[in-house]
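The basis for the numbers below is simple: all heavy atoms, side chains too, and nothing from hydrogens, waters or symmetry mates.
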Amino acid sequence: MLRRRALGAGADPLGPAQVDRVRAVLSLGGVPYADLQDGVQQVRLRLLERLANGLEAPREVGAWAAVVASNLAADWHRTRHRQERIGARLHALRGPDTGTSGDDQEGRLLALAVAEGLDALPAPQRQALVLRFYADLSVPQIAAELSVPEGTVKSRLHAAAKAMRARLHADEVV
């Protein structure tokens with residue numbers, strides 16, 4: 001078992017087998033080859049932070065490192081998808097100027113503002129709003145789908161609509 005005292009200056013908290021395991025988990029998680037070394041460094045950093053905070057090293061460092069690597073791969077995908085969405089929104093705004101009417105540009109701005117507003121909502125509110133206005137489900141259907149009371153759905157919809165309205169007015173879109 002790796003202990004804080006056993007880790008001397010310059011010692012690697014992950015052994016070669018654990019580094020290979022972390023790389024494999026990251027690779028299987030879809031992280032590109034160029035980013036694998038950064039992922040290994042993140043796992044090392046988290047282990048060193050754990051030790052620096054006075055906590056014991058995990059009993060099974062390899063298993064712990066694999067779980068951390070799996071979480072890092074999921075974070076990498078979330079970040080990549082978020083960046084792709086932002087890039088697509090910016091591209092839609094910058095669209096070709098030739099033949100673009102003012103109405104098209106206003107529609108793009110509104111679509112961007114709505115998408116950013118949805119991203120800013122807490123997950124339960126966003127989920128209720130999407131089910132209501134994009135999937136066209138009724139309040140009872142949403143309640144059944146989410147396994148929550150109808151009153152909860154109504155309060156989430158109300159809070160989400162209020163937040164979206166404030167956001168669109170603050171952005172001077174409407």
Side-chain angles (χ1 to χ4, degrees), residues 22 25-50 52-53 64-174:
V22 167
V25 169
L26 291 170
S27 184
L28 288 171
V31 176
Y33 181 78
D35 294 336
L36 293 181
Q37 189 57 35
D38 288 341
V40 171
Q41 290 297 85
Q42 283 293 320
V43 172
R44 275 190 188 108
L45 178 64
R46 292 191 185 175
L47 182 56
L48 289 171
E49 287 173 345
R50 181 183 173 106
N53 289 331
W64 178 87
V67 169
V68 171
S70 178
N71 291 337
L72 287 173
D75 290 345
W76 183 86
H77 281 287
R78 278 189 217 103
T79 301
R80 190 189 71 182
H81 289 302
R82 188 176 304 120
Q83 289 171 344
E84 287 173 356
R85 285 194 315 262
I86 290 170
R89 291 176 192 152
L90 290 174
H91 179 72
L93 280 177
R94 282 191 228 125
D97 290 335
T98 57
T100 302
S101 70
D103 289 341
D104 288 343
Q105 191 67 15
E106 286 179 22
R108 288 180 182 165
L109 284 172
L110 180 60
L112 178 63
V114 168
E116 287 177 345
L118 282 172
D119 283 349
L121 289 175
Q125 291 178 10
R126 180 176 52 247
Q127 190 177 35
L129 200 68
V130 167
L131 289 173
R132 177 67 186 106
F133 295 104
Y134 289 93
D136 201 28
L137 297 180
S138 66
V139 170
Q141 290 171 321
I142 296 169
E145 183 71 29
L146 300 178
S147 302
V148 297
E150 287 183 29
T152 301
V153 173
K154 289 177 185 178
S155 66
R156 288 177 183 176
L157 287 171
H158 176 76
K162 183 178 177 181
M164 289 294 289
R165 190 177 307 111
R167 171 82 186 231
L168 294 176
H169 284 294
D171 290 346
E172 297 180 359
V173 176
V174 292

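- Nearest approach of Ala69 to Val25, heavy atoms of both residues: CB-CG1, 3.7 Å.
- Listed here is the closest heavy atom pair of Leu129 and Ala160: CD1-CB, 4.1 Å.
- Here the CG atom belonging to Leu72 is positioned 10.5 Å from the CG atom belonging to Asp38, to the nearest 0.5 angstrom.
- Residues Asp35 and Pro32 are in side-chain contact: their nearest non-hydrogen atoms beyond the backbone lie under 4.5 Å apart.
- Residues Gln125 and Leu157 have side chains not in contact (no heavy-atom distance under 4.5 Å, counting atoms from C-beta outward).
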Mind running side chain to side chain contact (heavy atoms under 4.5 Å, CB included) on Val43 and Leu47 for me, showing each step along the way? CA-CA 6 Å; Val43 172; Leu47 182 56; 5.7 Å; no
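- The distance from atom CG of Asp75 to atom CD of Gln42, rounded to the nearest 0.5 Å, is 9.5 Å.
- In this view, Arg50 satisfies the salt bridge (charged side-chain N to carboxylate O under 4.0 Å, His left out) rule with no residue, not counting sequence neighbours.
- Judged by distance alone, the side chain of Arg126 and the main-chain N or O of Leu118 form a donor-acceptor pair under 3.5 Å.
- With Asn53 contributing its side chain and Glu49 its backbone, the two residues share a donor-acceptor pair below 3.5 Å.
- In this structure the side chain of Leu146 reaches within 4.5 angstrom of the side chain of Leu131, judged on heavy atoms.
- Here the side chains of Arg46 and Trp64 are in contact, with some heavy-atom distance below 4.5 Å.
- Annotation: side chain of Leu137 is not in contact with side chain of Arg132 (no heavy-atom distance under 4.5 Å).
- Here the side chain of Arg156 pairs no donor or acceptor atom with the backbone of Ala128 at under 3.5 angstrom.
- Counting all heavy atoms, side chain and backbone alike, Leu36 lies closest to Ser27 at CD2-N, 3.8 Å.
- Across every non-hydrogen atom of Arg167 and Ala120, the tightest pair is NH1-CB, 3.7 Å.
- Nearest approach of Pro149 to Ala143, heavy atoms of both residues: C-CB, 4.1 Å.
- By the neighbour-count criterion of 12 heavy atoms within 6.0 Å, atom CD of Glu150 is densely surrounded, having more than that number from other residues, nucleotides or ligands.
- Side chain of Gln141 to backbone of Ser138: a donor-acceptor contact under 3.5 angstrom is found.
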